[in-house]
**Q** 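Take this structure first; my questions come after.
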Amino acid sequence: MRTSNFLLSTLKETPADAEIISHQLMLRAGMIRKVAAGIYTWLPAGLRVMRKVENVVREEMNRAGAQELLMPSVQPAELWQESGRWEMYGGELLRMKDRHGRDFAYGPTHEEVIGSLMANEIRSYKQLPANFYQIQTKFRDERRPRFGVMRSREFVMKDAYSFHLDHAGLQETYDVMYQAYSTIFSRLGLGFRAVEADTGSIGGNASHEFHVLADSGEDAIAVCDKYDYASNVELAEALQVGNERSAPSEDLKRVDTPGQHTIAAICDFLDAPIESTIKTLLVKGAEEGTVVALVLRGDHELNELKAEKHELVASPLSWASDEEIQSAAGCAPGSIGTVGLDLPIIADRSAVNLSDFICGANEDDVHLTGVNWVRDCAEPIEFDLRKVVAGDLCARATDEQEDSRLSITRGIEVGHIFQLGTKYSEAMNATCLDNNGKAAFMQMGCYGIGVSRIVAAAIEQNHDDRGIIWPDAIAPFKLVVTPIGYNKSEKVKAVCDELYQELTASGIEVLLDDRNERPGIMFADADLIGIPHRVVVGEKSLDKGMIEYKNRRAESAEDVAQDSILEFLKAALA
RNA sequence: CGGGGUGUAGCGCAGUCUGGUAGCGCACCGCUCUGGGGGAGCGGUGGUCACAGGUUCGAAUCCUGUCAUCCCGACCA
């Protein structure tokens, strides 16, 4: 491609409404343009990158035995009513009516379509296992789209759905997909991590997310390399910290604590370590109108996702109102405690093993010290409630060494694999006959990759102050040829044209910058759009029989003899 | 959905308080010089000042309403 024939819409200045680096660079490099909130046009430079990602994904899905198909983006409401999600899905489902007034939705995902399709197409276990995928535009009407294509409403996704006679078959394909995903992200040149994930409302027994590691990531991941453990912090198990509960050694004492309503204030006021305090949080119970107390050690934070998994706790988690707190505890938040509290008390593992601790007295501006479970209040229900923090022991650890502890890193979720079980096959009545001729609901798995999001994630991970640095596998062009004086020097023009033709003929995607621009502009543009390899052809070098080569990541350039440049480049780009 | 910003040329912004012919830089077009990291000069093109209504002799500017968009949070995966 020649720049004279390519829409190179680079911007010198950063558009004001772009916050994160990938969004800024995608706009500046002329990859995308916003059409509406969360809706973007992909310009040629951007689309070239997305196609590269798609192709790698397609190759590896095919290699893993999945078959590509294409389902409609506009889906009839009946399918969603059948699965119950027409009501359940909420505002994210973009609904519309056709000219006859019939309800449709723009597909945010395709379990319904594939489920009803395969209910018809698959009749016998002999057709199983089967795995189908598509690469297609989805629409989720996010409440708050943000960060460019990182969290857009319209986006490109690879979604795959597998079908099995039994769970063993599902597990087998799940493992194959796990491997395929690892291969895909490796081939894309991305630093990533597979992490255990919450199965959320979908349910099922296993789920992994694939995260591109980047400080700007929206998700926090707890990692322990020694035990090969990585989990979304939403899910990561928090072990008990501290020693086993010891016998009470202090008497229960009432202390006036006027105006001290936070843990930090109490510790300061009583000159007590924060590990000797507990906090008591009141939340709505699963049963309408009830309230439940959640207890954590003072220095720990509540993991709301864990809490709402307890059968006594309302899901989604919902805080008790001030009135409910007043009537249940007899005081305002800040003075709640476990003594004399007539509520179910669910305590985090690390709070359960405390003795002689400090808590509120359920009376405004009064606290208790020397509190002990059993002696002073009921034995609590033990439950994993807290958020893990860096330095916690890994849940798999069998020792307490430094390298058995968790570190917290941030990631961008670019892939997610689920074992769905029979949830959708039951909803869509997708059965097949087993080898006894009996109908059985098929086991399903589903496997997503955020194709457009990967483009942004790759930039988050690969950029410098001059612009994007594409991994070779997804660069819009592998090599840029920058002539000095293309329109002035016959010699330079001839060498560039020949180089361009030969490299192009050997299958290398080359951008020849034939604009009549000053070198600085050409260098700046090439760096901004992130082309990984560059050669500069100028009369000065040519007179010495040299052509200059530079890797985008390298500090400086090197001279290569003109007569060996082709082999050199073929080797460098291999 | 709650809170906070912002809407003036393709991009970045000033002008709004204090009403009086719509400006600057970049980009873009033409010419000249220049030619290894966003160069310089001269001359140009481009705007229903988000929209609607109101006040006024006169509104980008004041008033009312609407919309769009960005950020934080909640929500979602």
Side-chain angles (χ1 to χ4, degrees), chain A residues 7-20 23-24 27-30 33-40 43 85 88-93 108-109 111 138-148 150-153 155 157 159 197-203 207-211 218-219 232 234-235 304-305 308 315-319 411-418 446 448-450 453 465-467 482-489 492 513 515-529 534-542 546-548 550 552 556-557 559:
Chain A
L7 184 67
L8 198 60
S9 286
T10 55
L11 301 175
K12 203 189 276 189
E13 284 173 291
T14 303
D17 54 7
E19 188 72 12
I20 62 168
H23 188 196
Q24 294 175 353
L27 289 168
R28 286 192 53 209
R33 290 290 180 258
K34 185 174 72 186
V35 175
I39 298 176
Y40 291 85
L43 299 177
R85 289 208 289 186
M88 296 294 292
Y89 210 89
E92 267 184 56
L93 185 65
T109 179
E111 282 86 1
K138 301 276 190 276
F139 195 96
R140 294 183 187 170
D141 200 356
E142 293 268 354
R143 278 190 175 134
R144 183 150 99 79
R146 59 192 129 162
F147 305 147
M150 188 73 85
R151 183 174 284 270
S152 53
R153 294 193 291 173
F155 59 99
M157 184 176 180
D159 48 328
D198 188 31
T199 47
S201 50
I202 295 182
S207 173
H208 286 85
E209 292 168 351
F210 288 77
H211 286 260
E218 287 190 85
D219 292 287
N232 198 309
E234 290 174 349
L235 185 73
E304 302 187 12
L305 275 172
E308 70 190 29
S315 179
L317 189 87
S318 171
W319 299 98
I412 300 163
E413 183 187 340
V414 289
H416 200 161
I417 58 178
F418 278 101
C446 83
I449 288 183
R453 180 181 281 183
D465 52 7
R466 294 200 304 265
T482 307
I484 308 293
Y486 185 81
N487 297 296
K488 282 279 166 63
S489 161
V492 167
D513 201 342
R515 293 176 295 174
N516 192 15
E517 288 288 357
R518 297 167 59 82
I521 290 178
M522 295 192 282
F523 293 148
D525 276 342
D527 287 347
L528 175 61
I529 66 178
R534 181 183 84 190
V535 294
V536 179
V537 178
E539 280 210 325
K540 268 186 264 175
S541 306
L542 285 181
M546 294 297 201
I547 286 176
E548 176 186 302
K550 183 179 174 300
R552 175 70 176 79
S556 55
D559 281 335

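To find a chain, count down the sequence lines: A is the first, B the second, and so on, and within it residues start at 1.
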**Q** Can you tell me how far P in B/U66 sits from the matching atom in B/A14, rounded to whole Å?
**A**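 B/U66 and B/A14 have their P atoms separated by 26 Å.
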
**Q** Searching all strands shown, indicate the nucleotide that pairs with B/G10 (Watson-Crick or G-U wobble; both distances under 3.5 Å).
**A** B/C26

**Q** Scan A/N516 against the nucleic acid and name what it touches under 4.0 Å (heavy atoms): base, sugar-phosphate only, or nothing.
**A**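 If one applies the 4.0 Å heavy-atom cut-off, A/N516 turns out to touch a base.
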
**Q** Tell me yes or no: between the side chains of A/E548 and A/S541, is some donor less than 3.5 Å from an acceptor?
**A**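 On atom types as modelled, these side chains do not qualify, holding no pair under 3.5 Å.
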
**Q** Starting at the 5' end of RNA chain B and moving along, which residue's nearest nucleotide shows up first, A/G485 or A/G148?
**A**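 The 5'-side residue here is A/G485.
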
**Q** When only distance counts, do a donor and an acceptor, one from the side chain of A/R534 and one from the base of B/G37, lie under 3.5 Å apart?
**A** yes

**Q** Measuring only the P atom in each nucleotide, how far is B/G20 from B/G15? A whole number of Å is fine.
**A**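 Those two atoms are separated by 14 Å.
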
**Q** For B/C33, give the paired nucleotide (Watson-Crick: N1-N3 plus N6-O4 or O6-N4; G-U: N1-O2 and O6-N3; both under 3.5 Å), or none.
**A** B/G39

**Q** I'd like to check A/E111 versus A/C446 (side-chain heavy atoms, cut-off strictly below 4.5 Å). Are they in contact?
**A**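 Yes, their side chains come closer than 4.5 Å.
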
**Q** Among A/L235, A/N232, A/I417, find the one that has a side-chain contact (heavy atoms from CB on, under 4.5 Å) with A/E209.
**A** A/N232

**Q** With A/R153, which residues qualify under side-chain hydrogen bond (donor to acceptor under 3.5 Å, both in side chains), at least two apart?
**A** A/D141

**Q** Out of B/C70, B/G37, B/G39, which has the shortest distance to the side chain of A/R518?
**A**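 When the side chain of A/R518 is considered, B/G39 is the closest of B/C70, B/G37, B/G39.
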
**Q** Does B/C71 have OP1 or OP2 sitting under 4.0 Å from an N or O in the side chain of A/R144?
**A**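 Answer yes for this pair, as a side-chain N or O of A/R144 is under 4.0 Å from OP1 or OP2.
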
**Q** If the P atom of B/C24 is compared with that of B/C62, how far apart are they to the nearest Å?
**A** 23 Å

**Q** Which value, rounded to the nearest 0.5 Å, describes the distance between A/E517 atom CD and A/N487 atom CG?
**A**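 Atom-to-atom, A/E517:CD and A/N487:CG are 10.5 Å apart.
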
**Q** Please name the nucleotide paired to B/U16 by Watson-Crick or G-U wobble geometry with both distances under 3.5 Å, or report none.
**A** none

**Q** From the set B/G37, B/G38, B/A74, return the single nucleotide nearest to any side-chain atom of A/R143.
**A**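 Taking heavy atoms from C-beta onward, the closest nucleotide is B/A74.
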
**Q** Nearest of B/C76, B/G37, B/U69 to any side-chain atom of A/A37?
**A** B/U69

**Q** Let me know the distance between CG of A/D141 and P of B/A77, rounded to the nearest Å.
**A**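 About 15 Å, once rounded to whole Å.
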
**Q** Rounded to whole angstrom, note down the C1' distance from B/U61 over to B/U8.
**A**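 Comparing C1' positions in B/U61 and B/U8 gives a spacing of 11 Å.
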
**Q** Tell me: CD of A/E142 to C1' of B/C71, nearest whole Å?
**A**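 Distance, rounded to whole Å: 16 Å.
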
**Q** By the 4.0 Å heavy-atom rule, please label A/S541 as base, sugar-phosphate, or nothing.
**A** base

**Q** Measure CG/A/L542 against C1'/B/G36 and give the value in whole Å, please.
**A**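 From A/L542 CG to B/G36 C1': 13 Å.
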
**Q** Counting the atoms with a prime plus P, OP1 and OP2 as sugar-phosphate, which does A/E517 contact under 4.0 Å by heavy atoms, base, sugar-phosphate, or nothing?
**A** base

**Q** Quickly work out the A/R151 CZ to B/C71 P distance and round it to whole Å.
**A**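 Going from A/R151 (CZ) to B/C71 (P), I get 12 Å.
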
**Q** Rounding to the closest angstrom, what is the interatomic distance between B/C76 and B/U6 at atom C1'?
**A** 27 Å

**Q** Base, sugar-phosphate, or nothing: which does A/R153 touch, judged by heavy atoms less than 4.0 Å apart?
**A**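 Contact class for A/R153: none.
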
**Q** For the side chain of A/K34, counting heavy atoms from C-beta on, which of B/G37, B/A77, B/U69 is nearest?
**A**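 Of the options given, the side chain of A/K34 lies nearest B/U69.
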
**Q** Of the listed nucleotides (B/G36, B/A77, B/U69), which one gets closest to any side-chain atom of A/E413?
**A** B/A77

**Q** Once you round it to whole Å, what is the distance between P of B/C76 and CD of A/E209?
**A** 15 Å

**Q** Expressed as a whole number of angstroms, how long is the span from A/D513:CG to B/G37:P?
**A** 15 Å

**Q** Work out how far the C1' atom of B/U45 is from that of B/G30, and round it to whole angstrom.
**A** 11 Å

**Q** May I ask you to decide if A/A18's main-chain N or O and A/Q24's side chain share a donor-acceptor pair within less than 3.5 Å?
**A**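 Checked: pair present.
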
**Q** A/E92 has a side chain; which of B/G36, B/C76, B/U69 sits nearest to it?
**A**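 My answer, after comparing the listed nucleotides, is B/C76.
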
**Q** What is the pairing partner of B/U69, taking Watson-Crick or G-U wobble pairs with both distances under 3.5 Å in any strand?
**A**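 B/G5 - that is the nucleotide pairing with B/U69, both distances being under 3.5 Å.
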
**Q** Measure from the side-chain heavy atoms of A/E19 and tell me the nearest of B/G38, B/C71, B/A77.
**A** B/C71

**Q** With a cut-off of under 6.0 Å to the ring centre and 45° to the axis, is A/R466 in cation-pi contact with A/F523?
**A**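 No, A/R466 and A/F523 do not form such a contact.
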
**Q** Categorize A/E539 for me: base, sugar-phosphate, or nothing, with a 4.0 angstrom heavy-atom threshold over every strand shown.
**A** nothing

**Q** Closest nucleotide of RNA chain B for A/E304 versus for A/A18: which of these residues is on the 5' side?
**A**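 Residue closer to the 5' terminus by nearest nucleotide: A/A18.
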
**Q** List for me each residue that meets side-chain hydrogen bond (donor to acceptor under 3.5 Å, both in side chains) alongside A/Y89, sequence neighbours excluded, and say none if there are none.
**A**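 A/Y89: no side-chain hydrogen bond (donor to acceptor under 3.5 Å, both in side chains) contacts found.
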
**Q** For the C1' atoms, the ones on B/G47 and on B/C42, what distance do you get once it is rounded to whole angstrom?
**A**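 Taking atom C1' in both B/G47 and B/C42, they lie 25 Å apart.
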
**Q** Counting distance only, does the side-chain N/O of A/R33 pair as donor-acceptor with the main-chain N or O of A/Y40 below 3.5 Å?
**A**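 Checking the backbone N and O of A/Y40 against the side chain of A/R33, no donor-acceptor pair under 3.5 Å is found.
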
**Q** Rounded to whole angstrom units, what separation is found between the CZ atom of A/R515 and the P atom of B/G37?
**A**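 The distance from CZ of A/R515 to P of B/G37 comes to 16 Å, rounded to the nearest Å.
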
**Q** Where along nucleotides 6-13 of chain B does protein come under 4.0 Å, by heavy atom, of base (B) or sugar-phosphate alone (S), with - for untouched nucleotides?
**A** -----BSS

**Q** What's the CZ-P distance between A/F523 and B/G38, to the nearest Å?
**A**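 Checked: the CZ to P distance equals 10 Å.
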
**Q** Do you know which of A/T14, A/T10, A/I529 makes side-chain contact (heavy atoms from CB on, under 4.5 Å) with A/R28?
**A** A/T14

**Q** Roughly how far apart are A/S152 OG and A/R140 CZ, rounded to 0.5 Å?
**A** 10.5 Å

**Q** Does B/A60 pair with anything, Watson-Crick or G-U wobble, both distances under 3.5 Å, and if so, with which nucleotide?
**A**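 Pairing partner: none.
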
**Q** Please report the distance separating the P of B/C57 from the corresponding atom of B/A50, rounded so that it comes out in whole Å.
**A** 24 Å

**Q** Under 4.0 Å, counting only non-hydrogen atoms across every strand here, what does A/Y89 touch: a base, just sugar-phosphate, or nothing?
**A**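 If one applies the 4.0 Å heavy-atom cut-off, A/Y89 turns out to touch nothing in the nucleic acid.
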
